Amino acid sequence: MGALTAYHSFRLRPAQADEAIVGWYGGHPRGIRAHVWPRCRVCGNPMCHMAQLNAGPALNLGPWQRLTIFICHATGGRCEDWEPFKGANKVLLQATADDDLFDGPPTVRVYRRLLLAADPPTDERELILAGRRANREKEAINQLRIDKLGGGPVWLYGDGTPQSPTGRVPMRLVAQITTNIVTFDITPRGLAYVFIDPSDPTVDVGALVWQSGS
Ligand SMILES: [Zn+2]
């Protein structure tokens, strides 16, 4: 395998027994104390946990060990949970990956817990260039409409990459989440995109945005 670049992504899929785990969807998150559990800035309710993803060869989180994703489901979408900076979703980063601590408030929804493994890397640039050469660029891009770590976002309705509030640069995609593995309560066939800010050293470096399926 050659050196990894920003064009490489790692497909996420349900893990088999004894396989190396890169994170999980759903269930109750580990290591999130009640006082840091995010509440929706719009409606004030505790958010629902979507996923925890661990730093590793497939996921560069800089100094952080784990990323935890929350979303507000308390008002059936009225909080505009698809907006990256509205406060109705939250990407938290953890300096340690604590697998034991269970804490936090009851929330309106708990997704089924599902352990995740990652496939070997795909060079998305190669894939798309090969598709272009074969006059099948759209098919190549559609192959990337999957759950994955890294690479580029496959947008459903145009580029929604959030700009870093502090650094005024585009944020970096760390994960893309579909509704295929766990039927997350974003619209079916919608896609969620998780970004982190390369210029911000605080725990608030993350942003989630999602686009609706058709
Ligand atoms: Zn809310």
Side-chain angles (χ1 to χ4, degrees), residues 12 23-54 61 64 66-95 98 101-114 116 147-149 153-166 170-197 200 202-214:
L12 291 171
W24 42 83
Y25 285 160
H28 193 88
R30 271 53 168 173
I32 305 291
R33 292 194 181 279
H35 73 278
V36 298
W37 189 291
R39 286 177 173 269
C40 176
R41 219 161 59 210
V42 181
C43 72
N45 286 293
M47 291 194 209
C48 302
H49 169 241
M50 286 179 75
Q52 291 194 299
L53 300 168
N54 295 328
L61 293 179
W64 307 101
R66 177 173 286 168
L67 174 152
T68 307
I69 306 160
F70 294 89
I71 193 163
C72 175
H73 284 326
T75 62
R78 285 201 305 280
C79 296
E80 299 183 299
D81 55 338
W82 54 86
E83 291 278 357
F85 301 118
K86 191 123 194 178
N89 60 55
K90 185 77 186 172
V91 177
L92 276 183
L93 287 138
Q94 283 87 48
D98 183 333
L101 175 75
F102 285 74
D103 199 2
T107 67
V108 295
R109 171 141 199 193
V110 178
Y111 292 109
R112 178 168 65 98
R113 179 174 164 87
L114 193 139
L116 297 168
D147 294 72
K148 65 189 181 82
L149 299 174
V154 178
W155 295 108
L156 301 178
Y157 300 104
D159 190 346
T161 303
Q163 292 287 308
S164 151
T166 50
M171 294 175 80
R172 173 168 69 87
L173 183 80
V174 289
Q176 175 177 285
I177 299 172
T178 74
T179 56
N180 299 332
I181 296 180
V182 168
T183 50
F184 288 113
D185 192 12
I186 60 180
T187 51
R189 296 173 49 74
L191 283 172
Y193 314 87
V194 181
F195 291 87
I196 62 174
D197 183 343
D200 186 341
T202 70
V203 293
D204 282 319
V205 301
L208 171 76
V209 52
W210 68 268
Q211 292 188 344
S212 185
S214 51

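Numbering of ligands and ligand atoms starts at 1, following listing order. These figures come from a predicted structure and were not determined experimentally. One is the number of the first residue; the rest follow in order along the sequence.
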Note on the Zn ion (ligand 1): protein N/O/S atoms within less than 2.8 Å are Cys40 SG, Cys43 SG, Cys72 SG, Cys79 SG
Using side chain to side chain donor-acceptor pair (under 3.5 Å) as the criterion, list what pairs up with Thr161, not counting sequence neighbours.
Asp159
Mutual orientation of the aromatic rings belonging to Phe195 and Trp155 [parallel < 30°, tilted 30-60°, perpendicular > 60°]
parallel
Might you confirm whether atom CZ of Arg78 has over 12 heavy atoms from other residues, nucleotides or ligands at distances under 6.0 Å?
no
Return each pair, listed once, that meets side chain to side chain donor-acceptor pair (under 3.5 Å) where at least one residue sits in residues 39-52; pairs must be two or more places apart or across chains.
Trp24-Gln52, Gln52-Thr68
For residues 105-112, which side-chain donor-acceptor pairs fall under 3.5 Å, sequence neighbours excluded?
residue: Thr107; atom: OG1; partner: Arg109; partner atom: O; Å: 3.1
residue: Tyr111; atom: OH; partner: His73; partner atom: NE2; Å: 2.5
residue: Tyr111; atom: OH; partner: Asp185; partner atom: N; Å: 2.8

Just so I know, are the side chains of Ile71 and Met47 near enough to count as touching, which here means a heavy-atom distance under 4.5 Å?
no
